[in-house]
S.K.: 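This is the structure I want to talk about, given as structure tokens.
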Protein chains: 2
Amino acid sequence: MPYDPSAFPPFAVTVDLVVLTVRRDALCALVVRRGEQPFQGRWALPGGFVRAEEDLTAAAARELAEETGLCVHDPRSPAPGSGAHLEQLATYGDPKRDPRMRVVSVAHLALAPDLPPPRAGGDANQARWSPVGSLLSQQGGARHEDQYGQLAFDHTRILADGVERARSKIEYSSLATAFCPPEFTVGELRRVYEAVWGVALDPRNFHRKVTGTPGFLVPTGGTTTRQGGRPAQLFRAGGATLLNPPMLRPEV
Amino acid sequence: MPYDPSAFPPFAVTVDLVVLTVRRDALCALVVRRGEQPFQGRWALPGGFVRAEEDLTAAAARELAEETGLCVHDPRSPAPGSGAHLEQLATYGDPKRDPRMRVVSVAHLALAPDLPPPRAGGDANQARWSPVGSLLSQQGGARHEDQYGQLAFDHTRILADGVERARSKIEYSSLATAFCPPEFTVGELRRVYEAVWGVALDPRNFHRKVTGTPGFLVPTGGTTTRQGGRPAQLFRAGGATLLNPPMLRPEV
DNA sequence: GGAATAGTGTCTGTGAGACAGTATGCG
DNA sequence: CGCATACTGTCTCACAGACACTATTCC
């Protein structure tokens with residue numbers, strides 16, 4: 001029965017956002033506190049309904065702007081500044097995932113440089129960056145329960161999928177630069193990899209590898225000394241999106 | 001406005017299937033001829049509405065069974081025989097992708113061993129395997145137009161995304177075995193890689209690599225001579241799902 | 001000077017690709 | 001026999017990881 005418009009089950013379609021950033025050497029996700037039932041008072045991923053004439057990506061970009069003020073990179077134009085990377089993650093449609101009605105949520109993954117603490121969006125009374133380690137390690141225990149608790153709905157699962165996507169994607173793409181400001185040093189980029197993967201990397205091999213991959217980094221000519229020590233060259237992201245050879249996660 | 005159940009835009013949700021197999025050394029996709037408007041008479045990917053109390057994956061598995069008779073592997077149980085691999089691909093929700101109404105389609109990717117020509121499903125009056133090269137190379141030209149034409153809706157895009165997913169996923173996972181019968185030779189597995197990637201591989205290096213990757217292949221003890229030449233050992237898929245080291249596509 | 005970070009050089013093991021050579025079936 | 005396919009061995013180059021060493025800043 002292909003497409004009988006007169007008799008199809010009614011669905012609500014939402015977008016949920018896994019917004020990741022690196023703050024103080026930790027991978028953090030944006031969560032908002034729910035003001036309504038169900039899961040009132042619990043933390044959840046930001047999201048909302050897709051509008052009637054709105055594309056899915058446009059809905060995700062709109063929600064991202066509402067929650068963070070970030071604009072989205074157009075992947076085709078050389079990114080000027082503090083735009084974010086946005087891509088579709090997966091779709092979650094278990095009939096019981098929302099107790100009130102049938103909701104299909106198209107989750108998106110956004111990667112952003114470190115930002116000032118988020119302003120509360122129009123539709124969320126509280127928002128914060130939380131380390132993903134804390135959000136994902138709630139194995140039924142009571143630790144930090146007041147601080148975080150389990151995320152609402154199936155958002156823990158969605159967050160885990162988003163984090164895994166980010167971890168694997170920075171291996172073979174230049175996406176790690178989306179966590180960095182427009183100009184950054186090799187050391188800053190290395191700390192991004194270390195935070196996302198949760199491992200320590202050899203600074204010397206990392207430097208040789210990352211500067212030797214064509215199209216990954218472009219020197220801007222400037223230097224900085226914001227980390228202490230010898231001044232470091234500043235770079236911006238090069239045109240390459242796929243890294244060849246890839247960066248390899250240790251201990252696989 | 002998170003979740004106002006009384007006022008959300010109504011959506012129809014469907015699943016579309018990219019079902020791939022390898023036939024006669026070519027990567028082929030399952031297409032069905034549409035019996036209704038719009039795009040009546042054009043080829044399209046199989047698919048249909050998600051039912052009111054049905055999970056997305058269950059809907060995809062149901063459609064797959066209706067079109068091909070295939071059962072889906074449970075990835076957790078050791079796969080006995082000719083089940084298919086099924087995974088979510090991506091979700092397509094452009095407001096204009098269906099001219100009649102707002103339809104969000106959750107596309108799934110299925111990989112199956114070579115099958116007898118498909119029986120027409122209950123909701124499709126014709127079905128066939130077509131080489132993906134023919135389906136994807138319709139650059140506005142008129143060649144093969146009677147045979148294939150452009151796929152209906154945005155299905156060319158969905159198919160292209162599914163093929164690219166399959167091409168990249170057999171690099172770092174053992175998914176290529178999903179294209180093989182329960183027992184197969186190294187040469188047959190190599191022809192799967194060659195068909196999916198569209199390249200020629202060195203049989204000797206391939207053999208050394210694939211038999212040296214732990215957990216990828218398990219010898220069954222039997223041999224076969226169905227390709228002519230010296231009899232080849234028969235294998236079945238091992239327990240490993242992630243290949244380390246990965247198979248690498250040449251010319252990247 | 002001492003600590004910290006940036007950047008370069010050198011060695012070694014692993015593995016991919018190229019390809020010689022052997023084994024075993026069919027006609 | 002020739003031919004096709006299966007399988008093993010060897011060589012070379014590239015690169016990942018380990019780590020010594022130098023450079024430049026701040027204290």
Side-chain angles (χ1 to χ4, degrees), chain A residues 25 170-172 176 180 183-195 197 199-236 240 242-252, chain B residues 25 170-172 176 180 183-195 197 199-236 240 242-252:
Chain A
D25 292 339
I170 64 173
E171 283 194 80
Y172 55 89
C180 295
E183 296 199 349
F184 52 89
T185 68
V186 172
E188 288 162 352
L189 184 63
R190 176 172 48 82
R191 277 181 280 276
V192 165
Y193 274 91
E194 291 177 330
W197 285 344
V199 299
L201 300 174
D202 185 300
R204 300 157 294 186
N205 290 334
F206 183 88
H207 188 282
R208 178 163 42 82
K209 169 127 200 181
V210 85
T211 53
T213 299
F216 192 7
L217 298 182
V218 177
T220 66
T223 59
T224 183
T225 181
R226 55 181 168 239
Q227 301 290 338
R230 168 175 167 181
Q233 258 189 296
L234 283 169
F235 295 86
R236 52 181 178 77
L242 259 52
L243 299 185
N244 194 19
M247 305 291 299
L248 287 182
R249 227 185 311 190
E251 178 67 4
V252 183
Chain B
D25 293 339
I170 64 173
E171 282 193 81
Y172 56 89
C180 295
E183 297 199 348
F184 52 88
T185 67
V186 173
E188 288 163 352
L189 183 64
R190 175 171 48 82
R191 276 180 281 277
V192 164
Y193 273 91
E194 291 177 331
W197 285 344
V199 298
L201 300 174
D202 185 299
R204 299 159 294 188
N205 291 332
F206 183 86
H207 188 282
R208 178 164 40 84
K209 169 127 199 180
V210 85
T211 54
T213 299
F216 193 8
L217 298 183
V218 177
T220 65
T223 58
T224 184
T225 180
R226 56 180 168 242
Q227 301 290 338
R230 170 176 167 180
Q233 258 189 297
L234 283 170
F235 296 86
R236 52 183 178 76
L242 259 53
L243 299 185
N244 193 20
M247 305 290 302
L248 287 182
R249 226 184 312 190
E251 179 66 6
V252 182

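Keep in mind that the numbers below use all heavy atoms, side chains included, and drop hydrogens, waters and symmetry copies. Throughout, a chain's letter reflects where its sequence line sits, starting with A, and its residues are numbered from 1. It should be emphasised that the depicted structure is a prediction, and the values quoted were computed from it without experimental measurement.
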S.K.: Separation of A:L189 atom CG from C:dA6 atom C1', in whole Å?
M.R.: 14 Å

S.K.: Would you mind reading off the distance between A:L201 atom CG and C:dT5 atom C1', rounded to a whole angstrom?
M.R.: 16 Å

S.K.: How long is the line joining CG of A:L248 and P of C:dT14, in whole Å?
M.R.: 16 Å

S.K.: Whole Å only: how far is the CZ atom of B:R230 from the C1' atom of C:dT24?
M.R.: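 It works out to 6 Å between those atoms.
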
S.K.: Please name the pair of heavy atoms, one in B:A176 and one in B:Y193, separated by the smallest distance, quoted to 0.1 Å.
M.R.: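 Minimum heavy-atom separation between B:A176 and B:Y193: CB-CE1, 3.5 Å.
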
S.K.: Contact between B:F206 and B:M247 at the side-chain level, heavy atoms closer than 4.5 Å - yes or no?
M.R.: yes

S.K.: Rounded to the nearest Å, what distance is computed from the CZ atom of residue B:R249 to the P atom of nucleotide C:dA16?
M.R.: 16 Å

S.K.: Would you classify A:P245 as touching base, sugar-phosphate or nothing, given that sugar-phosphate means primed atoms plus P, OP1 and OP2, and contacts are heavy atoms under 4.0 Å?
M.R.: sugar-phosphate

S.K.: If you assign A:N205 and B:T211 each to the DNA chain D nucleotide with the nearest heavy atom, which residue ends up on the more 5' nucleotide?
M.R.: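 So the residue in question is B:T211.
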
S.K.: Separation of B:R204 atom CZ from C:dT22 atom P, in whole Å?
M.R.: 14 Å

S.K.: Of A:H207 and A:G229, whose closest DNA chain C nucleotide lies nearer the 5' terminus?
M.R.: A:G229

S.K.: Report the distance from atom CZ of A:F206 to atom C1' of C:dT8, rounded to the nearest whole Å.
M.R.: 17 Å

S.K.: Tell me the closest heavy-atom pair linking A:V186 and A:F235, and the distance in Å.
M.R.: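 Closest heavy-atom pair between A:V186 and A:F235: CG2-CE1, 3.5 Å.
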
S.K.: How do A:F235 and A:R208 order along DNA chain C: which one's closest nucleotide is nearer the 5' end?
M.R.: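 Its nearest nucleotide lies further toward 5', so the answer is A:F235.
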
S.K.: Which whole-number value in Å describes the distance from A:K209 NZ to C:dG7 P?
M.R.: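 Answer to the nearest Å: 18 Å.
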
S.K.: Check whether any side-chain N or O of B:E194 sits under 3.5 Å from a backbone N or O of B:D25 as a donor-acceptor pair, and report yes or no.
M.R.: no

S.K.: Which of these, A:L217, A:T224, A:L234, A:V192, sits in a side-chain contact (heavy atoms from CB on, under 4.5 Å) with A:F184?
M.R.: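 Between A:F184 and the candidates, side-chain contact (heavy atoms from CB on, under 4.5 Å) is satisfied uniquely by A:L217.
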
S.K.: Mind checking which nucleotides bracket the chain A contacts on DNA chain D, 5' to 3', with an atom under 4.0 Å from a heavy atom?
M.R.: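 Span of nucleotides near chain A: D:dA16 to D:dT25.
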
S.K.: Looking at every non-hydrogen atom in both residues, tell me the closest pair between A:P246 and A:K209 and how far apart they are.
M.R.: O-NZ, 2.7 Å

S.K.: How close do B:P214 and B:A240 get, heavy atom to heavy atom, and via which atoms?
M.R.: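 Heavy atoms of B:P214 and B:A240 come nearest at O-CB, 3.9 Å.
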
